[in-house]
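One structure is given below, encoded as structure tokens.
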Number of protein chains: 2
Amino acid sequence: MDERVPRDFETLRTTILERRHSLPKRIAQIAAYALDNPDDIAFGTAASIAASAGVQPSTLIRFAQQLGFDGFTSLQLVFRERLRERNSSYDERLAALRAKAEEGAGHRAIFDGFVAAASTSLNDISGRLNEEHFEDAIALLAKAETIYVLAKRRSYPVASYIAYALGKLKIRNQLIESAAGLNAEMIGFASPRDAVIAISFSPYAPAAIEEARVISEQGVPIVAITDSSFSPLAQFAKVWFEVAEADFAGFRSLSATMALAMALTVAVGEKRRDTGRKRKA
Amino acid sequence: MDERVPRDFETLRTTILERRHSLPKRIAQIAAYALDNPDDIAFGTAASIAASAGVQPSTLIRFAQQLGFDGFTSLQLVFRERLRERNSSYDERLAALRAKAEEGAGHRAIFDGFVAAASTSLNDISGRLNEEHFEDAIALLAKAETIYVLAKRRSYPVASYIAYALGKLKIRNQLIESAAGLNAEMIGFASPRDAVIAISFSPYAPAAIEEARVISEQGVPIVAITDSSFSPLAQFAKVWFEVAEADFAGFRSLSATMALAMALTVAVGEKRRDTGRKRKA
DNA sequence: TATGGATTGGAATTATTATTTCATATTGCC
DNA sequence: GGCAATATGAAATAATAATTCCAATCCATA
């Protein structure tokens, strides 16, 4: 057997794609089928797979051999391994990956770690979202004239995506960033007819907290996304969400926060359209 | 065959747990093994499973028959089906949620949709990452004097998080944003000893592409994160990654891109530390 | 358009794997 | 403790599936 037989699915995939154009017709046919229906390869028999792909079983074996396997069976193992991997629980994987990365197990482990952290966070939030708070927040933001988006440091990427999405949905908004140093003035314009989305996680950026305080004292309602009920942000907020993001290598995932933020934004956009229609009708 | 043969895994599981205490010793042994190692049942042969569980193959068949199956093969089908379901579930769920949201099924559906989109994207990228490219990118970025981070519009949140993380890791970096209009000057400073992380997805922001072109012509190596091999960004890049983000309600998830970006950043940080240590030693 | 090499189809063969069978052991019950 | 019913182990057998082989076909090239 060739020394460089693809042992994991991704390598196999790449190899197939590379050689795609130099493969004979029938072999190419089964190659395409394999990448499109990996599950069938994992579970089927040579005969059943060949039939589904419209080739002879022998072609399937030739395909495997071209890739360096010694037969269909060893090729199939790669497809089976892929399913196994995919299904192992994320929490377990995350723990294992942290340990692995700790002992310096290469860069792949770092990547896997971030993916696992993000998945864990998403998993977590999907069960935790308080639907009532969610509706309240949407209602509150939907009737705002201008939505102010307030976040610093680690949370800033989320804020910038919210601002981008609000812009696309033609909802007036103002991102409060620190760069220009004009925050105080910007905040000064906010009125009780507006609303704020504020995002901050421990360790809370003092500037974000301070600005949230000022703006709430002006009577502007705040929707907060933060990480615990003890968050200083929670006390200024009309509605707040607790989002627990898993971290890896010292950096927290943003995926759950992002998902919540986008859902809020789009829901607000939808609610406004509905309200608009009703008014006209 | 019994009329009430468990056809799905959950029913099977329940059935086994119910009868657990009335089963003969060896059969109970294999029952426990089956629930603990469902993946092994799905993929193994009767002989290999029996060996792992410490029983005879015939016992395994008797176990299947006790449950009403006519043999091990039909029992195994249930375990295989379970793996299939699990894997397809995300894509299917996403499609279902999209349909639901279309017909105005409330705000919770929007939230679920974004979570599903993010999960799908993560699932997808975790199998797809080309490890070689990943290592190349890390090597390239680790030896850069300054890392320039280039992204507009939708990709900008990712860039800002990269910049934040690089800063925390004390790696010199420069975010190229459009706001101040000084991009041309900023780009002018970049030299072949630096490197760029460029992120852009279809529809590619013309400014991002143009800036990538200019900077690559200056001989600065580019690591690109984009969405297909046809991306205009790919042609300027030394290394590029294809990230397929699922979208929901017109907004693409960023979670896969974020995970990749963070992994790159942290890996670069680690590589620099290692190199530093070696130099001193 | 003839020729050699590559590719393919299909049946024959071999291998692997599930199932059955039967002898032996164990358990519960009188 | 003895007997019947049940459970188990191990090997034989049957079924299924992978692989090989060879003839037929296709395709490029002279």
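Chain letters run A, B, ... following the sequence lines, proteins first, then strands; residues in each count from 1.
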Contact letters for nucleotides 22-27 of chain D, in which S counts primed atoms plus P, OP1 and OP2 and B counts the base, heavy atoms under 4.0 Å: ------

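Residues A:Phe69 and A:Leu77 form no side-chain contact, since every pair of their non-hydrogen atoms from C-beta on lies 4.5 Å or further apart. Counting heavy atoms from C-beta on, the side chains of B:Lys271 and B:Leu141 never come closer than 4.5 Å. Inter-residue side-chain proximity for B:Gln29 and B:Tyr33 is flagged as unmet; no heavy-atom pair is nearer than 4.5 Å.
D:dT8 atom C1' lies 14 Å from atom CD of B:Gln65, rounded to whole Å. The separation between B:Gln56 atom CD and C:dT19 atom C1' is 13 Å, rounded to whole Å. Rounded to whole Å, atom C1' of D:dA7 lies 16 Å from atom CG of B:Leu60. We find that CZ of A:Arg26 is positioned 9 Å from C1' of C:dG9, with the value rounded to whole Å. Between the CD1 atom of B:Ile61 and the P atom of D:dG9 there is a distance of 14 Å, rounded to whole Å. Atom-to-atom, CZ of A:Phe63 to C1' of D:dT20 comes out at 19 Å; the value is rounded to the nearest Å. Atom CD1 of B:Ile30 and atom P of C:dA18 are 12 Å apart (whole Å). Whole-Å rounding puts the A:Gln76 CD to D:dA18 P distance at 7 Å.
With respect to the salt-bridge test (charged N to carboxylate O, under 4.0 angstrom), the residues A:Arg13 and A:Asp8 do not qualify. The pair B:Arg84-A:Asp40 meets the salt-bridge criterion, with a side-chain N (NZ, NE, NH1 or NH2) lying under 4.0 Å from an Asp/Glu carboxylate O.
Classification of the B:Trp240-B:His133 ring pair by plane angle, with boundaries at 30° and 60°, yields tilted.
In this structure, B:Thr73 reaches the C:dT19 phosphate: one of its side-chain N or O atoms is under 4.0 Å from OP1 or OP2. Put simply, B:Gln29 has no side-chain N or O that comes within less than 4.0 Å of OP1 or OP2 on D:dT8. For A:Thr59 and C:dG9, the shortest distance from a side-chain N or O to OP1 or OP2 is below 4.0 Å.
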Worked check of side-chain contact (heavy atoms from CB on, under 4.5 Å) between B:Arg26 and B:Arg62: CA-CA 10 Å; B:Arg26 295 264 112 120; B:Arg62 287 178 195 123; over 6 Å; no

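Closest contact between the side chain of B:Phe72 and the listed nucleotides D:dT19, D:dA7, C:dA18 involves C:dA18. The side chain of B:Ser58 sits closest to C:dT20 out of C:dA18, C:dT20, C:dG9.
Both tests hold for B:Arg154 against B:Phe201: distance to the six-membered ring centre under 6.0 Å, angle to the ring axis within 45°.
B:Gln66 comes within contact range of no nucleotide atom at all, as no heavy-atom separation falls under 4.0 Å.
Between the side chain of B:Glu245 and the main chain of B:Ala256, a donor-acceptor pair closer than 3.5 Å is present.
Of the residues in residues 41-54 of chain B, those with a non-hydrogen atom less than 4.0 angstrom from any atom of DNA chain C are B:Thr45, B:Ala46, B:Ala47.
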